[in-house]
Amino acid sequence: MAFEIGQRVGDYEIVSMLGVGGMGRVYRVRNVISDRTEAMKVLLPDLVAEPDLAVRFISEIRMLASFDHPNIAQLHTAFQVDNQLVMMMEFVEGFTLEQRAKQGPIPQSDIINYMQQVLGALSYAHGRGVVHRDIKPANIMVTSHGVVKLMDFGIAKSRVEQDLTRPGTTMGSMYYMSPEQVRGGTVDARSDIYSVGVMMYELFAGRRPFVADSAYGILNQQCNVAPQPPVELNQQLPPALSDLILCALAKDPANRFQNAQAVSNALRQIAAQNETPNTEVTFTPVVVPGSYAGSAAGAAPSADPGFAAAPVAAYAGPSSGHRGAWITVGALAVLVIVAAAAVGLPHLFHTSAKTESDGDRIAQTAPAAPSP
């Protein structure tokens, strides 16, 4: 059954077609009661004719129903219409990373921000035993507020439903598939990390890591050819970031990052180094009266609200041509201070004796008042 623009499907009115995938069509719809815009995904084949696809579609529904993460498109509800499964999803208005990349280079800071959000979503899914298996720019939506939404878990694999993919079956998008996916082997979270590596390579370097004239050529390179370092294609890329991408693209899963959080942590460190590449910042404690900054040498600053830390940016000092002059001036200043102390010290303090009314004598030592 094909749905048409303007048609009613339960409490929903079809507004437009959003896209067509391998398993179904996606429509923009409006709930006629709440007036909320949503996305409706419909399984293409008849349930009787393609029972395996129906099982996979139901698996996706159940998987998404268990998710609650800001970077994963949310499932609202699901039902059947004329023997077809229908999935009502959060409508994400924005652009895909594939669409954005076609418009021109994306700033490095934006790419890192997007990847951090993708990795957060993957870390969440992996923690629930779900491998996406189709990570690519076309499945990454970005809203007008810069929020990333990971889409399309249609071929995702869950540890509780291992039998949906038979051994030897290849599933995924060939440009982004890990070597183990290409071979039809067992995949885990590290396969998604490989796909993230391909996606980062494409976004940072301006092209995919593997290019060939045929599907066989692409898949052969995925399994057997080391990619050109992306820093050679984009010389503005920090070498550490280039190395990170190559690590994610290791042929052997054991040589990749072992989880999404590890990639995210490495990206965060590289981003911090890139923002302040030559600057170190130290902190000099300033103790406010009544506060405690710690008594042990080298102790960390106290968490007491009365403690204040004054940031002091590292400074290389004056140039070598003026360093001698500064040292000489400092030495003369020290000599002047020492000489003044030698002359004035005998007169700095005076001692007086005073007889109190009870006959006791009290010796008092008082500092001389400073001259005006």
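Between Y201 and P230, the closest heavy-atom pair is CE1-CD, 3.7 Å. Taking all atoms of both residues into account, the shortest heavy-atom contact from G146 to Y114 is O-CE2, 4.4 Å. Taking every heavy atom of both residues into account, L241 and L237 meet most closely at CD2-CD1, 3.5 Å. The heavy-atom pair separating T96 from P137 by the smallest distance is CB-O, 3.7 Å.
Not one N or O on the side chain of Q273 forms a donor-acceptor pair closer than 3.5 Å with the backbone of I270. Not one N or O on the side chain of S191 forms a donor-acceptor pair closer than 3.5 Å with the backbone of D188. For Q258 (side chain) and R256 (main-chain N/O), a donor-acceptor pair under 3.5 Å exists by modelled atom type. No donor-acceptor pair closer than 3.5 Å links the side chain of S173 to the backbone N or O of Y175. The backbone N or O of D152 sits less than 3.5 Å from a side-chain atom of H132, completing a donor-acceptor pair.
Annotation: the span from K149 atom NZ to N139 atom CG amounts to 15.0 Å, rounded to 0.5 Å. A distance of 10.0 Å separates NZ of K251 from OG of S178, quoted to the nearest 0.5 Å. One distance of note links CD1 of I193 with SG of C247; it measures 9.0 Å at 0.5 Å rounding. Separating the CE atom in M63 from the CD1 atom in I72 is a distance of 10.5 Å, to the nearest 0.5 Å.
If you run side chain to side chain contact (heavy atoms under 4.5 Å, CB included) between F204 and each of I106, L233, I111, only I111 comes through. Considering I14, V81, L18 in turn, I14 is the only one that fulfils the side chain to side chain contact (heavy atoms under 4.5 Å, CB included) rule with M40.
For R128 and Y124, the positive end sits near the middle of the six-membered ring, less than 6.0 Å away and at most 45° from its axis.
V32 and I5 fall into different hydrophobic clusters, defined by Ile, Leu, Val, Met, Phe, Trp and Tyr side-chain heavy atoms under 4.5 Å apart, directly or through other members. Under a hydrophobic clustering in which Ile, Leu, Val, Met, Phe, Trp and Tyr are joined whenever their side-chain heavy atoms come within less than 4.5 Å, directly or via other members, L64 and V148 fall into the same cluster. Using a 4.5 Å cut-off between side-chain heavy atoms of Ile, Leu, Val, Met, Phe, Trp and Tyr, with links allowed through other members, L122 and V147 fall into different hydrophobic clusters. Note on L246: it does not cluster hydrophobically with F210, by side-chain heavy-atom contacts below 4.5 Å among ILVMFWY residues. When the side chains of ILVMFWY residues are joined at heavy-atom separations under 4.5 Å, either directly or via intervening members, V231 and I112 end up in a single hydrophobic cluster.
In this structure, E98 does not pair ionically with R100, as no charged nitrogen and carboxylate oxygen lie closer than 4.0 Å. Salt bridge present: K41 and E60 bring a charged side-chain N and a carboxylate O closer than 4.0 Å. Using a 4.0 Å cut-off between charged side-chain N and carboxylate O, R8 and E13 make no salt bridge.
Residue V92 belongs to a hydrophobic cluster whose other members are M141, M151, with links defined by side-chain heavy atoms closer than 4.5 Å.
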Under the side-chain contact (heavy atoms from CB on, under 4.5 Å) rule, what do L244 and V263 come out as? Steps first, then yes or no, please. CA-CA 8 Å; L244 179 151; V263 186; 4.3 Å; yes
Check against salt bridge (Lys or Arg N to Asp or Glu O under 4.0 Å), R28 and E38: CA-CA 6 Å; R28 178 174 180 169; E38 300 182 49; over 6 Å; no
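Within a 6.0 Å sphere centred on CD of E93, other residues, nucleotides and ligands contribute 12 heavy atoms or fewer. Heavy atoms from other residues, nucleotides or ligands lying under 6.0 Å from CD of E4 number 12 at most.
Residue pairs that meet the side chain to side chain donor-acceptor pair (under 3.5 Å) test with at least one member in residues 207-223, sequence neighbours left out, are Y176-R208, Y194-Q222, R207-Q228, N220-N224.
A donor atom on one side chain and an acceptor atom on the other are not found under 3.5 Å apart for H126 and N259. At a cut-off of 3.5 Å, with distance as the only test, no side-chain donor of Q181 or R133 sits close to an acceptor on the other residue. If you check the side chains of E90 and H76, you find no donor sitting under 3.5 Å from an acceptor. Judged purely by distance below 3.5 Å, without hydrogens or angles, the side chains of Q261 and N265 pair a donor atom with an acceptor atom.
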